[in-house]
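Input: a single structure, listed below in structure tokens.
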There are 2 protein chains.
Amino acid sequence: MCTHCHTHHHHLTGIQKNCVSLVPIFNHLENRQLNEVMNKMNSVSYKKGETIYHAGDQSDTLYIVNNGKIKIYRLAESGKEQFIRLLNQGEFTGEYALFSESIHESYAEAVTDTNVCLMKRSDLQELLIKYPTISLKILSVFSDRLEHSEKQTTLFATEKAETRIAFFLVQTLEDTPSSEVMFPMNKKDLASYLGTTPETISRKLTHLESRGYIKQKSNKRIEVLDINGLLLV
Amino acid sequence: MCTHCHTHHHHLTGIQKNCVSLVPIFNHLENRQLNEVMNKMNSVSYKKGETIYHAGDQSDTLYIVNNGKIKIYRLAESGKEQFIRLLNQGEFTGEYALFSESIHESYAEAVTDTNVCLMKRSDLQELLIKYPTISLKILSVFSDRLEHSEKQTTLFATEKAETRIAFFLVQTLEDTPSSEVMFPMNKKDLASYLGTTPETISRKLTHLESRGYIKQKSNKRIEVLDINGLLLV
DNA sequence: CGCGTGGTTGACGTTCGTCAATCTTAGTGG
DNA sequence: CCACTAAGATTGACGAACGTCAACCACGCG
């Protein structure tokens with residue numbers, strides 16, 4: 001209910017600099033333009049577990065993660081939570097509220113202590129008109145997300161739980177140099193991201209291990225032994 | 001395999017006019033600008049059943065439906081087809097290839113005889129830089145699609161087949177004035193859109209009818225008797 | 001009038017969610 | 001640093017939901 005029960009630290013200088021210069025959608029700008037963008041930013045901190053926005057909240061703000069992690073999730077009519085994505089440093093949210101409806105359909109919650117930079121919709125729109133290349137960057141991020149989301153939908157619609165888990169492992173592995181997957185979330189969130197339950201994840205991981213495809217090192221760490229095997233599940 | 005086995009009708013005048021003036025992403029432009037956009041457009045016709053692009057195809061083109069219908073679908077690793085969306089007049093596709101990767105991850109196929117307008121990526125990007133308000137329109141469409149896709153993912157991940165079908169009926173009903181839903185596709189495509197099978201759709205519709213929520217008038221036509229009932233399924 | 005495609009129905013097996021009991025881990029306070 | 005607690009993860013037993021396969025039906029088209 002309460003979206004304002006967080007620690008405010010407005011107008012911190014130096015912090016906004018990260019939000020702008022480290023972020024893909026802005027970091028291609030020249031120095032003078034970067035400064036202009038920075039001046040439109042505010043900054044807020046949230047403690048672990050605090051809610052940044054609720055479904056149903058009015059919104060006209062772009063949120064950029066300065067440091068920390070934010071999880072975006074939805075609630076189905078049935079009340080079940082569905083994990084959508086984890087935002088790391090430099091990633092943003094608020095998009096739907098910014099360009100279409102002005103109320104949120106999802107929830108954003110700080111997973112760790114988190115500092116975010118804010119920009120008002122009107123300021124952003126001015127910037128987009130003034131520096132059209134920013135739009136191109138955002139369009140690129142959007143189309144990536146769209147692609148990802150549609151792939152995810154197809155995965156849910158057509159594949160069984162074990163396949164979804166195997167795919168998740170392979171996909172997560174691609175982002176790391178090692179052969180070890182480290183879950184960025186607990187099993188409950190992972191389960192809701194994969195459209196299943198913690199129990200099923202446990203069972204399927206055990207099954208994959210017994211087939212020799214993976215080795216469970218600890219609760220959140222898994223070593224992948226046979227990628228090709230996983231992909232054939 | 002063959003993306004070129006279709007009837008070409010390049011440089012038709014008058015047709016492009018529709019593509020530009022009827023389309024939400026362009027129709028807010030002034031006359032002089034509309035003309036400029038029009039000059040960058042080409043036009044191609046496809047017969048019913050022809051493929052417009054394949055997953056894996058190289059692409060640098062925006063496709064706008066001038067008339068007819070196009071279905072976008074994906075193939076899962078398992079080979080199962082998953083229906084993504086139906087494009088009607090004025091809607092566009094090609095986005096992912098345009099702003100991120102340059103290869104398609106989905107398939108586009110003409111459902112009826114169809115005429116589409118084309119614009120090359122480089123031309124579009126020039127326009128976006130020159131007229132930044134176009135980007136805002138596209139951003140708005142993208143965020144709608146993203147919203148829809150994420151909602152769909154949540155639906156698949158958390159709700160059972162009967163609920164998904166009920167939601168589809170209610171959602172489709174919202175677009176029409178009457179209390180009758182007319183499927184724009186056959187049961188096979190509908191099933192793949194809803195992540196289930198034709199058999200299950202049959203059974204669930206029968207079940208919903210026996211509960212008095214709907215009445216099946218014919219194969220593709222369903223009258224909704226009790227929306228609230230459906231929403232509680 | 002027959003043929004074919006698409007839709008329906010039934011029987012059956014698999015997958016997976018649910019609930020409860022147990023085990024493990026991490027965090028807290030003495 | 002250890003003991004205790006609470007939260008999370010695992011395992012088992014069970015049943016519900018749904019996909020699959022096959023047989024059958026119905027409608028549209030030549």
Side-chain angles (χ1 to χ4, degrees), chain A residues 47-49 71 76-83 111-113 154-169 181-211 214-222 233, chain B residues 48-49 71 76-83 111 154-168 181-211 214-222 233:
Chain A
K47 294 236 182 63
K48 172 176 175 174
K71 87 171 178 187
E77 310 281 322
S78 59
K80 274 192 202 160
E81 179 179 322
Q82 216 260 318
F83 187 102
V111 174
T112 62
D113 287 5
T154 302
L155 205 59
F156 283 167
T158 59
E159 308 293 351
K160 41 194 64 166
E162 189 162 340
T163 313
R164 300 203 296 272
I165 294 170
F167 265 75
F168 173 78
L169 289 174
V181 173
M182 169 90 187
F183 296 152
M185 40 191 159
N186 61 23
K187 284 244 167 76
K188 187 170 131 285
D189 281 347
L190 180 60
S192 104
Y193 179 70
L194 292 175
T196 180
T197 59
E199 291 94 328
T200 298
I201 302 221
S202 265
R203 284 189 249 267
K204 296 304 180 185
L205 286 179
T206 308
H207 183 233
L208 291 175
E209 185 165 22
S210 77
R211 296 243 240 143
I214 62 171
K215 177 142 187 46
Q216 305 192 54
K217 317 280 273 193
S218 84
N219 221 322
K220 289 187 161 38
R221 284 169 48 229
I222 288 184
V233 166
Chain B
K48 173 177 175 174
K71 87 169 178 191
E77 309 281 322
S78 59
K80 273 192 203 160
E81 180 178 320
Q82 216 261 320
F83 188 101
V111 174
T154 302
L155 204 59
F156 283 168
T158 59
E159 308 293 351
K160 40 195 65 167
E162 190 162 339
T163 313
R164 300 202 297 271
I165 294 170
F167 264 75
F168 173 78
V181 172
M182 169 90 186
F183 296 151
M185 41 191 159
N186 61 22
K187 284 241 167 78
K188 189 170 131 283
D189 280 347
L190 180 59
S192 104
Y193 179 70
L194 293 176
T196 180
T197 60
E199 291 95 327
T200 298
I201 301 222
S202 265
R203 283 189 252 266
K204 296 304 180 185
L205 286 179
T206 308
H207 183 235
L208 290 175
E209 185 165 22
S210 77
R211 296 244 238 141
I214 62 171
K215 178 143 185 44
Q216 305 192 53
K217 316 280 274 193
S218 83
N219 221 321
K220 289 189 162 34
R221 283 171 48 229
I222 288 185
V233 166

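Residue numbers start from 1 in every chain, and the chains themselves are labelled A, B, ... in the order their sequence lines are given, proteins ahead of strands.
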Please list every donor-acceptor pair under 3.5 Å in which a side-chain atom of residues 197-205 of chain B meets a protein atom from a residue at least two apart or in another chain.
| residue | atom | partner | partner atom | Å |
| --- | --- | --- | --- | --- |
| Thr197(B) | OG1 | Thr200(B) | N | 3.2 |
| Thr197(B) | OG1 | Thr200(B) | OG1 | 3.0 |

N/O to N/O distances under 3.5 Å, protein versus nucleotides 9-11 of chain D:
| residue | atom | partner | partner atom | Å |
| --- | --- | --- | --- | --- |
| dA9(D) | OP1 | Lys187(A) | N | 3.1 |
| dT10(D) | OP1 | Lys187(A) | NZ | 3.3 |
| dT10(D) | OP2 | Lys187(A) | NZ | 3.0 |
| dT10(D) | OP2 | Ser202(A) | OG | 2.2 |
| dT10(D) | O5' | Ser202(A) | OG | 2.9 |
| dT11(D) | OP2 | Thr206(A) | OG1 | 3.3 |

Under 3.5 Å, which N/O atoms of the protein pair with N/O atoms of nucleotides 23-26 of chain D?
none

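With sequence neighbours excluded, the residues forming a ring-ring contact (aromatic ring centres under 6.0 Å, His included) with Phe83(A) are Tyr193(A), listed by chain and number. Qualifying side-chain hydrogen bond (donor to acceptor under 3.5 Å, both in side chains) partners for Lys217(A), counting only residues two or more places apart in sequence or in other chains: Glu223(A). Ser192(A) meets the side-chain hydrogen bond (donor to acceptor under 3.5 Å, both in side chains) test with no other residue; sequence neighbours excluded. For Val111(A), the side chain to side chain contact (heavy atoms under 4.5 Å, CB included) partners two or more places apart in sequence, or in a different chain, are Lys69(A), Lys71(A), Leu86(A). For Asn186(A), the side chain to side chain contact (heavy atoms under 4.5 Å, CB included) partners at least two apart in sequence or on another chain are Lys188(A), Asp189(A), Lys220(A). Taking the side chain to side chain contact (heavy atoms under 4.5 Å, CB included) definition, one finds that Asp113(A) meets it with Lys47(A), Lys48(A), sequence neighbours left out. Take Thr158(B) and apply the side-chain hydrogen bond (donor to acceptor under 3.5 Å, both in side chains) test, not counting sequence neighbours, and it matches no residue. Every residue two or more places apart in sequence or in another chain was checked for a side-chain hydrogen bond (donor to acceptor under 3.5 Å, both in side chains) with Glu77(A), and none qualifies.
Using a 4.0 Å cut-off, some side-chain N or O of Lys204(B) falls inside it from OP1 or OP2 of dC18(D). Taking only side-chain nitrogens and oxygens, Thr196(B) comes nearer than 4.0 Å to OP1 or OP2 of dG19(D). Residue Lys160(A) places none of its side-chain N or O atoms closer than 4.0 Å to OP1 or OP2 of dC18(D).
No side-chain heavy atom of Val233(B) sits under 4.5 Å from any side-chain heavy atom of Phe167(B).
The NZ atom of Lys80(A) sits 11 Å away from the C1' atom of dC16(C) (whole-angstrom rounding). Atom P of nucleotide dG17(C) and atom CD of Glu81(A) are separated by 16 Å, given to the nearest angstrom. Summarising the geometry, the separation between CD on Glu159(B) and C1' on dC16(C) is reported as 16 Å, rounded to the nearest angstrom. In this entry the distance linking CG of Asp189(B) with C1' of dG6(C) reads 12 Å, nearest Å. Atom NE2 of His207(B) and atom P of dT8(C) are 16 Å apart (whole Å).
Between the two ends of the helix from dC1(C)-dG30(D) to dG30(C)-dC1(D), each summarised by a five-pair axis, the helix axis turns through 40° (rounded to 10 degrees).
Phe156(B) approaches Leu194(B) most closely through the heavy-atom pair CE2-O, 3.2 Å.
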